[in-house]
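Written below as structure tokens is the structure these notes are about.
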Amino acid sequence: MSKVRLATVWLDGCSGCHMSLLDMDERLVEIADKVEIVYSPLVDNKEFPQEVDITLVEGAIGNVEDEEKIKMIRQRTKTLVSLGDCAVTGNVPSMRNTCGAKAVLERVYLENVTLQPQIPSESVPALRSRVCPVREVVKVDVFVPGCPPSADTIHALLVGLLSGSVPDISLLSRFGA
Amino acid sequence: MSTAPARVKTLKIDDRDVSGREEETILDVARQNRINIPTLCHVPGLSPVGSCRLCLVEIKGSPKLFPACVTLVREGMEVVTKSERLASYRKMILELLFSDGNHICAVCVSNGNCELQSLAQNLGIDSIRFPYRFPKLTVDASHQRFVVDHNRCILCARCVRVCGEVEGAHTWDLMGRGTSMRIISDMNEAWGDSETCTSCGKCVQLCPTGALVEKGKSVAEMSKKKGFLPYIVSMREGRR
Amino acid sequence: MTPEELTNTITTERETQEKFKHHVCVCVAAGCLSSQSDKVKAALEDEIKRQGREHECQIKGVGCMGLCAAGPLVSVEETGTLYQEVKPEDAAEVVASLEGQPVARIKGPSEAPFFTRQVKIVLENCGKIDPNRIEDYLLSGGYQSLTKVLTEMTPAQIIEEVYKSGLRGRGGAGYPTGLKWSTVAKAPGSPKYVICNADEGDPGAFMDRSVLESDPHRVLEGMAIAAYAVGASQGYVYVRAEYPLAIERLQNAIKQARRLRFLGIDICGTTFNFNIDVRLGAGAFVCGEETALIASVEGRRGNPKPRPPYPAEAGLWGCPTLINNVETFANIAPIAGRGGNWYASIGTEKSKGTKVFALAGRVANTDLIEVPMGMTLREIVFDIGGGIPDGKRLKAVQTGGPSGGCIPEQFLDMPVDYESLNKLGSIMGSGGMIVMDETSCMVDVAKYFMEFCMSESCGKCVPCRVGTAQMYDLLHKITEGKAGLEDLEMLEDLCDLVRNTSLCGLGQSAPNPVLSTLRYFRDEYMEHIVNKTCPAGICKIKVPTEVTA
Amino acid sequence: MWTEFGSTTPPSSDTRWRIVGAAMRKHGYRPNALIETLHTVQETFGYLDEQALRFVAGALRVPLSQVYGVATFYHFFNLKPQGRHTCVICTGTACYIKGVPAILTAIEETYGIKPGETTSDGNISLVSARCLGSCGLAPAAVMDGDVVGKLTPLETVNRMRRWTK
């Protein structure tokens, strides 16, 4: 049997969900037997490949690059998983929505900077006016809330998905957990 | 105690034969029989308002839905508390509540001890379908011991009721209407400046979310003690 | 006032009025007043004085004549001549023509279907009597029904007549009035209250305002009869603060009625006591809902309460309370006077009597009209309303305000009654009838009403408070051309939720404008969503400058 | 500020408080006279300021938060002073489909105010009304107390210009 093509991406988030993924410890080995990691911040692929079976998305959609990326990923992915509160709800990154992107940029790059304060315009993707959960931009197949979801939750999720079904993980995950 | 003998009604809840006194609600009788109906605005001991709509139930023979917290039992009534339709409505109502505030559980002192959060889990909500509205709301930490965070307020008015009905201070009320409705203390002034607040903390303990909390707590450290209310209510009834 | 005294007063008043050879009526209701009919009235009075004819010509300020858009209106009682758009400068010519031919230049259409097709019961005195003089009301038969009820009938008998009349609540829901009255009459507890709901909140409806401004005593008489029937001794009129003229005339009428003992103690020489006070609304649509109205009369925020208990059992201050709206009470005196069977002979099988409509929007005559139940929309819009101006085509007729729906052209031949309108996904409502032509975008109309419901939601229950806001956002997204089909699905799910789970009528009916436009004009929604265009050209959809695939 | 509950002594020597006092007395200082009293205050002073709200709360023995809650529930009440001139634009259905949105845009472009706002010089307040009941005259407005009908954007702005001379 060929291996399941798995990808993970890190958008507007803190990487805590990826840490939690690594927290599966020895269970990673068991998972690794069944999957091929085709794209991830944890491996060295530069291009998001075609025909991915499962993509775990960490993080909210915060800038224009995130938005373009997730649209491309959606096209190339069979099962798209929103992993963790940022991807599921917008979470902490979305807290800037109540004051707007401009206010945040000014606070960070102008008000609190003494040396040559300026808002970066080149080589940094422009912020969207509104940070939003992944589902506001593309269709999401599975939601795993949690900040971060525990290693047990992610393990249960992957075991289920790899066996070909969407597991019920409602007892293992909740917003903020 | 009232002298007139209470009349007892027999009815069915989820196909179980149960009985209740005529002044009891469907919710009262369901809970006596360990039938779970979700609620948010309802607190035994405070006047019922029927505003969260989570406890809506079906009654056979009627196309309408009935709030279990205010609907009195009737003879021969057949109540359905669980159906696909009810589950879908309850989910949507909770999702609306999440979309209408800034409920960032991850950085909430009530994380893990929140009625809104645990209801979402119990009803199987893993994501909010409606776009978040991100209202611009304030946090008031002017009170010596407590904080009110409007971002996390679901406007259930438990605080308003316990303050007016039990403490008797009526420091809290609601201002405005619709989506601009907020809880206020006195003349919409800083809580710390309130001239009527007795700092009893009843509102804080009854608040279902992290909107009213004690100062000095960090994320997930705030747990609330709600036992005082049944105690006060039963003591008062005994004195009467 | 005893029956004998009443007869005497009427005789004196008749003799006084008969001394005048000519009676010239000037409309002084709010519509005409806004085009300065008061100045026209003053000019006519000056002119008569100038010609020294004060003893033979009477200039009378009267209530609404219906053709509000053509004001100021002046009518000559003897000849039935109607003048429109009268200016103070026309006074001399009008007075001069009283003996001869009418002034053709400003003559209005007094024989038109607008007048001949209407049947006036509620509005029978509007435009004929002086709303500031109780004597004028008495002369036209006023307070005779009250006198008859108090001296010749038992409460049960008058309730029986109201039952027989088939009258249903004119505020919107159409609950049988007789049934409501008997429920309050039978409810244990005292005191009992009678409340007149004059918080006319539907945008596009001004029937109640016109009645209060034109014939306030009719409402007081209806309330007094109701109070006798149910056993109440205190009544309130809850009226919008936005209607200052109506409030003034109402308060004046209450004073006059007290003076002549049609209100107060020992009414009509019997032992019946009944007082009426005015309570002002303060700009909250939700207070049209009975339990919210009661909260407001009690001086609180207008939050509705779950029903049961119904106000008929536990209303104002927990006491049995009868609430009817202005038009309902305005029907009572004629029913009491002429009998329930007479009233029931008008209208259709299930919707009896007449209904007052405020016809407005894209229609030639934007007016206040009263027609028998069962008249078709086509007759109302084209025969009475004069059709659509500027050669445009009718698209829809909106009834029931923010709780109602849009009825498309293909149903114009449906009779207007409670059942037919419900079947079409709209409601009778309080009587606003807005005509729309091809220049209206139905998605935009739905958005307009949703904005209304969202900002008028009291905020107490979750589905209405947040659901209407989400629905508004979705409609806004559609009108901006940014929505997809999944948004339409979400909108429909929200309609279902808000309708079935909201606490009060405001929320339960808030989805109606969306549901009815989706039912009849789904193609317009699809144009916005799929083709990103607004067929009516109302929604400003920005075409994206660069298309990213 | 401290509110004296049960006191009917006016907060200042302004003689207009007598009108407010009389309104409350007429209702026997009953708490349920709150809305009626607030109407009187607004009629007398033009708006409801904090001092007035506290006085009414004290005299009628209604909790402060309840008074504030009622005053903000009903949109007829103003908690801020209004401009010297007031333009009330009807946004009822008939007026809406006959062109009120364009009138509001014209006013905003000319004076920079939206409904509910007052020009920075305190001269003109723009208010929107749900329905004036003058649907026959749509689009209609009330300008300093006078109902004017069949308005166009240009005519509306021209009428308002008379206030800014």
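Chain naming here is simple, since letters A, B, ... match the order of the sequence lines and numbering starts at 1 in each. Since the structure is predicted, the reported quantities are computational estimates derived from the model, not experimental observations.
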Just how far is it from atom [atom1] of [X] to atom [atom2] of [Y], taken to the nearest 0.5 Å?
{"X": "B:Ile128", "Y": "A:Phe175", "atom1": "CD1", "atom2": "CZ", "value": "4.0 Å"}
{"X": "A:Ser173", "Y": "B:Asp126", "atom1": "OG", "atom2": "CG", "value": "7.0 Å"}
{"X": "A:Arg135", "Y": "B:Phe130", "atom1": "CZ", "atom2": "CZ", "value": "9.0 Å"}
{"X": "B:His103", "Y": "A:Thr89", "atom1": "NE2", "atom2": "OG1", "value": "11.5 Å"}
{"X": "B:Asn102", "Y": "A:Asn97", "atom1": "CG", "atom2": "CG", "value": "8.5 Å"}

### Query
B:Ile125 versus chain A, heavy atoms under 4.5 Å apart: side chain, backbone, both or neither?
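Contact with chain A involves both backbone and side-chain atoms of B:Ile125.
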### Message
Within residues 113-132 of chain A, which residues come under 4.5 Å of chain B, heavy atom to heavy atom?
### Response
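Interface residues of residues 113-132 of chain A: A:Arg130, A:Val131.
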### Query
Which residues from residues 37-62 of chain A are near chain B, with near meaning under 4.5 Å between non-hydrogen atoms?
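Interface residues of residues 37-62 of chain A: none, nothing closer than 4.5 Å to chain B.
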Neighbour count >12 (heavy atoms, 6.0 Å) for atom [atom1], [X]:
{"X": "A:Lys78", "atom1": "NZ", "result": "no"}
{"X": "A:Arg107", "atom1": "CZ", "result": "no"}
{"X": "B:Lys82", "atom1": "NZ", "result": "yes"}
{"X": "B:Asp15", "atom1": "CG", "result": "no"}

### Query
So which heavy atom on B:Ile104 is nearest to which on A:Met95, and how close?
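Heavy-atom minimum between the residues: CG1-CG, 3.7 Å.
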### Task
Would you name the heavy atoms of A:Gly176 and B:Cys105 that are closest together and state the gap between them?
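So the two residues come closest at CA-CB, 3.5 Å.
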### Task
Under 4.5 Å heavy-atom distance to chain B, tell me which part of A:Ile169 shows up: side chain, backbone, both or neither.
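It is neither, since no heavy atom gets under 4.5 Å.
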### Message
What part of A:Pro148 gets within 4.5 angstrom of chain B, counting heavy atoms only: side chain, backbone, both, or neither?
### Response
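It is neither, since no heavy atom gets under 4.5 Å.
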#### Entry: Most contacts with chain B, counted as non-hydrogen pairs under 4.5 angstrom, among A:Ser94, A:Gly146, A:Ser170, A:Ala177
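The option with the most such pairs is A:Ser94.
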### Query
Between A:Val140, A:Asp168, A:Val92, A:Asn91, which has the largest tally of heavy atom pairs under 4.5 Å with chain B?
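Of the candidates given, the most pairs with chain B belong to A:Asn91.
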### Task
For B:Ser118 and A:Arg174, test the side chains for any donor-to-acceptor distance below 3.5 angstrom and give the result as yes or no.
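Side chains of B:Ser118 and A:Arg174: no pair found under 3.5 Å.
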